[in-house]
Amino acid sequence: MMKAGELRDAYLNFFRSKQHTIVSSAPMVIKNDPTLMFTNAGMNQFKDIFLGNQAPAHNRVANSQKCLRVSGKHNDLEEVGLDTYHHTMFEMLGNWSFGDYFKKEAIEWAWEFLTRQLNIPEERLYSTVFEGSAEEDVPRDDEAAEYWKGCFRNPENHIIEGSKKDNFWEMGETGPCGPCSEIHVDIRPDSERRDKPGHLLVNKGHPHVIEIWNLVFIQYNRKAGGELEQLPARHVDTGMGFERLCMVIQGKKSNYDTDIFLPIISGTASVTGKSYGKEERWDIAHRVIADHLRTVAFSIADGQMPSNNRAGYVIRRILRRAVRYGYTSLEMSEPFIYKLVPELISVMGRHYPELTAQQEIISRVIFEEEQAFLKTLGKGLKMIERQVAALKNEGKDLFPGSDAFELFDTYGFPVDLTQLILRENSMRLDIDEYNRELSAQKVRSRDDATITAGDWTVVHDADTTVFTGYDRTEETVHIARYRKVNVRGKEVVHLVFDRTPFYAESGGQVGDKGHISSGVEVIVITDTIKENNLTIHIAEKVPSEPSRIFTAVVDHAARHQTANNHTATHLMHHALRHILGKHVEQKGSLVTPDKLRFDFSHFSQVTPGEIAAVEQMVNDMIMKNIPSEVVDETPMEEALAMGAMALFGEKYGEKVRVVSFGESVELCGGTHVENTSSIGLFKIISEGAVAAGVRRIEAVTGRGALAYINDRLKTLEEITVMLRSTGNPAANVSKLIAENGALRHTIEKMEGAAAASSRRELEQNAVALDACNLYSGVVPDVSAETLKNIAHQLRQSDGRCAVIIGSENDGKASLLVCFGDEVVKTTSLNAVDIIKSAAPEINGGGGGQPFLATAGGKKPEGLRNAIGKAVALVTDRAGNVKK
RNA sequence: GGGGAAUUAGCUCAGUUGGCCAGAGCACCUGCCUUGCACGCAGGGGGUCAAGGGUUCGACUCCCUUAUUCUCCA
């Protein structure tokens, strides 16, 4: 039986023999593209070629691409695992022609590979061709059909016409598109095939009559108005699902039965003690876990950690879904998925070395995520149990949907688990209410996120934007095109130039700011971004005369600080690897004019000593006046030979730019200083954890570093002045803290003593009434806090006490009324009533609880009257004075 | 990007419409009893209730701002 690895090699070797260049898989996680978070098809990395924004490096290319799909018509996350053929992550085998071969070769080679190399019997194969569309004025794809006829010995019923839905491929609303031809395979047993011929089941959702390969022939361009125009250069884009192909070749009925998944599933079985193929709900869980583990591990290897927004959040959700299935179906309440990483690596590690290299960090991150989610589950369980108990007390059995939604929305407790627990308690969930709340939230979010982009207005023909910003910050430019974009009611303008000195946000370095001027007006550029290989300058308004010649000027000071910070990032990266070890890998980077932030893999805290050593080393490199050496357009192999490190999860072209400062050698497209001395000074301002196994350092350079240090020194100076100390301020402060503690102790004791003596005085002057013993009077100059103290002491010693005391403190009056427990129980006396009647005398108000009430006021002279009034009220209600 | 929530002792968390001097368990210290598998008993230390404003006689509690974290939607 052909193994998965051999099959992948066979495919790549086959197309190599047809003069294709084999390229490596692009990262699965896409950075710097707001429109797409993950690679979802093999053609993603060639998008710019199809759009005409970039010239192809090779005319024929083939690869195996790791892809991730979590939404779309056939890939709803909640469906994965329930059946045997959906996945979140999958590999796509693809071959491409950029303006080179077309339908004939694409079809014949596909046929040759499947029938001669893989020996799939041709009677099990079916192909589809586009039936044509009168509405679009596109004819039936006779050309493709002809070539297919040449392939099949018996073409009858094996070439099927398909509609626009299945057989016309479009990249988006606008852009390149064309008819496609799919290849389907029927893997049913012979008996079933005799009963019902396969051509009746093509594209009918049958799990064993499936599409394995889609050949797209790009020959049109769809314009904004909807009409199609012929493209000058025609392309081929094909994609074949690798997992499905394995299933076919290995004679299995399920993708999960191939050697891609089985080792992981048997790993899960042995860890959980629940074997595969015994019980349906166990099997679903096994499939979910195997699929999701793959996705999450690959994502982490690409540098995307689970987190709480965007791509990171998608990854977190996928992992949590796996934990949830493990928890409910396999009864795993402890982290276990991280233990399966070695099995995954045994399957995928050879072709994807980024997995093997980062095994430790992958396991740790997964472990930590599992633990965190199990904790949220525990919390949710507690909350739900409390609510269930409350409802049961009221004799209700309908659990409110809004509560279930709150559990899900605020605490991340999945609704299916809520339902499971409710069933166990013979209760039911108001699912309609839940769904209403959920869709209300969706509407709210969608309304807020709408961005409407207008059509481009072309001013000047220019294929690409030439970037001249490495050498200069000023440039004479033409506006090539512009459009208006509406972001939440605010209108901004996108400008594209023929050439530009503006650096577009990329590789962690933020986009340049600045302005353009034409002599008649000045337009401010607030940011520069990259979209589909276009450099877009964001401006506040459209120039009144866009066709004029403009001078584009980058904010020089900001650019210079950014360059300082970017170069410093390289130096620090080098220093970290030197001091902490070679396991340090960049996991993220942000470079702004103000500061730099660098995330990297490291498994323990960076000690203050190590921080100091890194800082020292970077500053040494700054002081050595190391000049930059930049090599543009170097082939990747040469760059690697120069000692440059390629980052996992980063997409590189064939030719790369290498930036070196002495021993620091990096692949980088950013702007840098000419000499390290320009940085001036480097200072680390914080170090911390950002995820399991990932640390983050923030630092400042140049003027920023100086400002930071001066600020700290100023604080120190202020402290020294305040301490009037000439010696060591730290020693002085610690002495002060110790003294302060001792003083507080003394004060507490003295206040206690004062309270005790006031209490004794009150006790001596107490008056016994029928229902209580009245303690009243003015206590000289104590805080409301001390009054409370006295009252509490009296309450504890005398359950029949009625305390009415007041004091003047800081020019304000405080008043307190307090009753012993017995008084509260046996009489109608209420401290709140009394205090409310008496408080006006001191020009204030108050309140409290029946046994204790306090009031404050601004008129201390009224204190005696207030106490008198309160005493009168109490005596009145509690009977006469006993002689 | 938008909504919801959280932040209280070294750790895990209680704290009811604003007022019983801010609590429990674990950990720590002291003593006793015991010598062992989360020992037990008695006592003790430890808090700017995330930060900053505001409302109030009075704020852990209500309002606003900020920070951090969690969570859902996009």
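Below, chains carry the letters A, B, ... as their sequence lines are ordered, and counting in each starts from 1.
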As a test of reading the structure: which of [options] is closest to the side chain of [X], going by heavy atoms?
{"X": "A:F851", "options": "B:C70, B:C73, B:C20", "value": "B:C20"}
{"X": "A:K379", "options": "B:C13, B:C21, B:C73", "value": "B:C13"}
{"X": "A:Y313", "options": "B:C13, B:A74, B:C72", "value": "B:C72"}
{"X": "A:Q849", "options": "B:C20, B:C73, B:A5", "value": "B:C20"}
{"X": "A:D409", "options": "B:G3, B:G19, B:C21", "value": "B:G3"}

Take atom [atom1] in [N] and the same atom in [M], then report the distance between them in whole Å.
{"N": "B:G52", "M": "B:U12", "atom1": "C1'", "answer": "28 Å"}
{"N": "B:G15", "M": "B:C49", "atom1": "C1'", "answer": "11 Å"}
{"N": "B:U7", "M": "B:G44", "atom1": "C1'", "answer": "29 Å"}

Interatomic spacing from OG in A:S333 to CG in A:L377 - rounded to 0.5 Å: 10.0 Å
Once you round to the nearest 0.5 Å, how far does CD of A:E698 lie from NZ of A:K595? 4.0 Å
Measure the distance from [atom1] on [X] to [atom2] on [N] and round it to the nearest whole Å.
{"X": "A:F413", "N": "B:A6", "atom1": "CZ", "atom2": "P", "value": "18 Å"}
{"X": "A:L852", "N": "B:C20", "atom1": "CG", "atom2": "C1'", "value": "7 Å"}
{"X": "A:R316", "N": "B:C72", "atom1": "CZ", "atom2": "C1'", "value": "12 Å"}
{"X": "A:Q371", "N": "B:C11", "atom1": "CD", "atom2": "P", "value": "16 Å"}
{"X": "A:F408", "N": "B:C72", "atom1": "CZ", "atom2": "P", "value": "6 Å"}
{"X": "A:L438", "N": "B:G3", "atom1": "CG", "atom2": "P", "value": "17 Å"}
{"X": "A:R696", "N": "B:U69", "atom1": "CZ", "atom2": "P", "value": "8 Å"}
{"X": "A:I384", "N": "B:U71", "atom1": "CD1", "atom2": "P", "value": "18 Å"}

Table please: side-chain donor-acceptor pairs of residues 365-374 of chain A below 3.5 Å, with sequence neighbours left out.
unit_1	atom_1	unit_2	atom_2	d
A:E369	OE1	A:R316	NE	3.1
A:E369	OE2	A:R316	NH2	3.0
A:E370	OE1	A:F336	N	2.9
A:E370	OE1	A:I337	N	3.0
A:E370	OE2	A:F336	N	3.4
A:E370	OE2	A:I337	N	3.0
A:E370	OE2	A:Y338	N	2.9

Under 3.5 Å, is there a donor on one side chain and an acceptor on the other for A:Y434 and A:D403? no
Taking N and O atoms by type only, does the side chain of A:Q441 place a donor or acceptor under 3.5 Å from a partner on the base of B:G2? yes
Can you find a side chain N or O atom of A:R317 that sits less than 4.0 Å from OP1 or OP2 on B:C73? yes
All stems that RNA chain B takes part in, i.e. 3 or more consecutive Watson-Crick or G-U pairs with distances under 3.5 Å, are B:1-7 with B:67-73, B:10-13 with B:23-26, B:28-32 with B:40-44, B:50-54 with B:62-66
Table of protein N/O atoms under 3.5 Å from nucleotides 54-64 of chain B N/O atoms:
unit_1	atom_1	unit_2	atom_2	d
B:C57	O4'	A:G845	O	3.4
B:C57	O4'	A:G856	O	3.1
B:C57	N1	A:G845	O	2.8

Count the heavy atoms of every other residue, nucleotide or ligand shown that sit under 6.0 Å from CD of A:E761, and state whether that count exceeds 12. no
Taking A:N565 for its side chain and A:P593 for its backbone only, find out whether a donor-acceptor pair lies under 3.5 Å. yes
Which pairs, with at least one residue in residues 405-418 of chain A and sequence neighbours excluded, count as a side-chain hydrogen bond (donor to acceptor under 3.5 Å, both in side chains)? A:R324-A:D416, A:D409-A:Q441
Let me check something: any side-chain donor-acceptor pairs from residues 830-857 of chain A under 3.5 Å, sequence neighbours excluded? List them with distances.
unit_1	atom_1	unit_2	atom_2	d
A:N830	OD1	A:V832	N	2.8
A:S837	OG	A:D833	O	2.9

Using a heavy-atom cut-off of 4.0 Å across all strands, would you classify A:F405 as base, sugar-phosphate, or nothing? nothing
Side chain to side chain donor-acceptor pair (under 3.5 Å) assessment of A:S814 paired with A:S807: CA-CA 5 Å; A:S814 19; A:S807 179; 5.5 Å; no
Residue pairs fulfilling salt bridge (charged side-chain N to carboxylate O under 4.0 Å, His left out) with at least one residue in residues 842-867 of chain A, sequence neighbours excluded: none
